[in-house]
Amino acid sequence: MKRMVLFFLVLIPFGLLSQEFRLDRIEPPNWWIGFKSPDLQLLIHGKNIATTTVSVDYPGFYIKKINKLKNPNYLFLDMTIGPGTKSGIAIIQFRVKDKIVAKYLYELKDRKEKSAQRQSFSSSDVIYLLMPDRFANGDPANDNVTGMVEKADRNNPDGRHGGDIKGIADHLDYITDLGATTIWITPLLENNQPKYSYHGYSITDYYKIDPRFGTNEEYAGLSKAIHQRGMKLIMDQVFNHCGSGHWWINDLPSPDWINEWPEFTRSNYRAGTACDPYASAIDSDQFVRGWFDTTMPDLNQHNPFVKNYLIQNSIWWVEYAGLDGIRQDTHPYPFKDMMSDWGKRMLEEYPNLNIVGECWMNYPASVAYWQKDALNKDGYNSNLPSVLDFPIYDALNKAFNESESWNTGILRLYDILSLDLSYPNPSNIVVFADNHDVNRYLDSQNDDIRKLKMALAFILTTRGIPEIFYGTEILMTTGSDKGHGFIRRDFPGGWPGDSLNAFSLQGRNENQSDMYNYLHTLLQWRKSKEVVQTGKLKHFIPEHGIYTYFRYNSKETVMVMMNNNDETKTIDTKRYNEFLNKYKTGLDIINGTEIGDLALLTIPSKTALIIELRK
Ligand code: CA
């Protein structure tokens with residue numbers, strides 16, 4: 001937002017008139033010319049603004065319809081941007097009895113060249129997921145900001161710790177050097193809540209970066225810096241709920257803006273009800289209309305103004321910050337017809353944009369329901385290109401902890417992948433061992449680093465788009481403490497005065513260095529390995545705790561073998577001859593050593609062997 005435009009938001013009180021009028025905000029605060037859709041709906045908020053006469057005088061940009069709701073403090077203007085409209089500043093005027101009581105300079109900007117054709121994140125990328133409050137504090141001066149009710153307190157695991165956009169910008173080289181190519185930052189928008197607001201999922205202003213993280217301009221600057229490094233940026237968006245401290249909560253445009261209940265009613269969190277063919281009406285209703293939390297009012301996306309508001313907000317951020325992708329929080333929780341319309345519109349405006357939805361269910365069939373073009377019996381098409389692979393997360397958390405049997409242990413990975421038949425596009429699914437909402441992988445594996453390495457080897461070589469949670473590379477754990485606050489610990493070295501700095505080689509202990517190097521080797525290798533990014537996958541039924549699969553294309557083949565046993569195994573590879581008969585030797589990409597003979601392979605306990613096959 002340009003300050004010039006903000007300046008004209010200033011109210012013009014009109015003492016001579018019997019009523020007080022104010023203009024507090026117009027959203028979206030600006031727009032662009034050249035979108036496929038010529039339509040734009042402006043939310044206008046201010047005291048008695050609906051009782052004024054509104055006009056716009058700008059060639060090609062005109063009011064199609066003025067919508068007034070019960071609350072006189074809102075106007076919704078249906079605008080049209082006609083063909084040939086030029087960029088510039090349109091003056092929106094509000095009059096009472098021929099006197100101008102408020103005006104707003106509405107900027108229509110030119111879109112950046114090729115904005116619509118932007119290339120998004122894909123299976124060629126690896127996502128580094130981080131929480132801005134917990135990654136690095138680049139600017140201690142913004143830890144506490146006047147007007148923001150919650151103050152910084154690093155001693156409170158559920159409090160704000162002061163991390164910010166500058167902290168991320170200061171460590172882009174670290175992320176690039178590690179080898180990730182895409183950054184997913186959990187929500188940065190304002191969360192002006194009295195407590196537990198550091199996570200960002202209680203948005204109180206959909207058009208403003210939380211000042212404790214920085215400014216809108218800083219966010220756009222971060223995006224630019226990320227792009228200069230050849231990396232990509234994913235924004236975490238939240239349509240299901242807002243924060244109870246949202247500016248509109250005390251002055252709702254209409255009673256049905258949020259889903260109200262006679263008494264506080266939580267969602268049942270059973271996302272399956274949104275796709276279960278046998279779901280009862282009461283369960284489905286409570287899932288979708290129940291509140292996520294007492295501090296997270298459930299937005300009613302069936303209200304057409306809410307729907308437009310959210311869709312335009314999503315587009316606004318893609319265009320404003322030059323985003324490469326979106327992660328949608330709690331994707332099945334909003335009304336799913338609206339979510340489908342959102343996806344459709346996004347792909348009309350940005351055909352290559354990738355959007356990954358958090359569809360947290362444990363079975364591939366139910367997750368697959370939410371991926372674009374799934375053959376759903378009810379005809380539903382989400383228009384959501386990508387989903388988060390919770391079934392693989394679940395399988396990975398069990399596979400290396402269980403003893404081997406007919407249906408346990410490493411077979412979990414084989415079994416879950418065999419259910420890819422449900423997905424319309426398995427290569428566009430985000431695979432992960434953990435994230436910000438679940439125990440860190442090491443915690444679920446009794447701190448066994450070998451198992452973490454196996455899990456990372458798996459997500460980086462199987463199909464899909466790998467995601468790595470910040471701190472994994474330096475063995476961050478939740479430890480004996482419990483709860484989200486500890487899963488999301490501060491990255492050591494991110495705060496001025498930290499006694500250890502794990503961002504630097506010298507600041508990492510031996511185990512951390514070993515883990516960092518392991519991941520670094522894999523990530524740097526994967527960057528140039530088209531066969532792992534986009535190649536086909538074939539796997540062999542696990543036998544005796546050994547799971548083997550191949551990634552292949554017309555040019556090359558990579559073999560991955562995992563040993564889930566407690567002892568070293570030597571494997572006769574005859575069984576894999578449909579791949580190995582074309583190859584004589586290989587390169588162990590972790591150790592960098594040549595394997596002169598592929599007939600017998602020796603693999604240590606709890607290890608993944610990754611071999612580039614050679615003729
Ligand atoms: Ca800060």
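Basis for what follows: all heavy atoms, side chains included, without hydrogens, waters or symmetry-related copies. All of these numbers come straight from a predicted model, not from anything done at the bench. Start at 1 and go down the list; that is how both ligands and their atoms are numbered.
Among protein atoms, those of element N, O or S found less than 3.0 Å away from the Ca ion (ligand 1) are Asn137 OD1, Asp139 O, Asn142 OD1, Asp143 OD1, Gly162 O, Asp164 OD2.
Note that CD1 of Ile175 is 7.5 Å distant from CD1 of Ile226, once rounded to the nearest 0.5 Å. Of the inter-residue distances, the one linking Ser314 atom OG with Ile311 atom CD1 reads 8.5 Å to the nearest 0.5 angstrom.
Applying the salt bridge (Lys or Arg N to Asp or Glu O under 4.0 Å) rule to Asp251 yields no partners; only residues at least two apart in sequence or on another chain are considered. Legend: residues meeting salt bridge (Lys or Arg N to Asp or Glu O under 4.0 Å) with Arg488, ordered by chain and number and at least two apart, are Asp437.
For residues 311-322, the salt bridge (charged side-chain N to carboxylate O under 4.0 Å, His left out) pairs, not counting sequence neighbours, are Arg111-Glu319, Arg118-Glu319.
Atom NZ of Lys166 has 12 or fewer heavy atoms from other residues, nucleotides or ligands within 6.0 Å.
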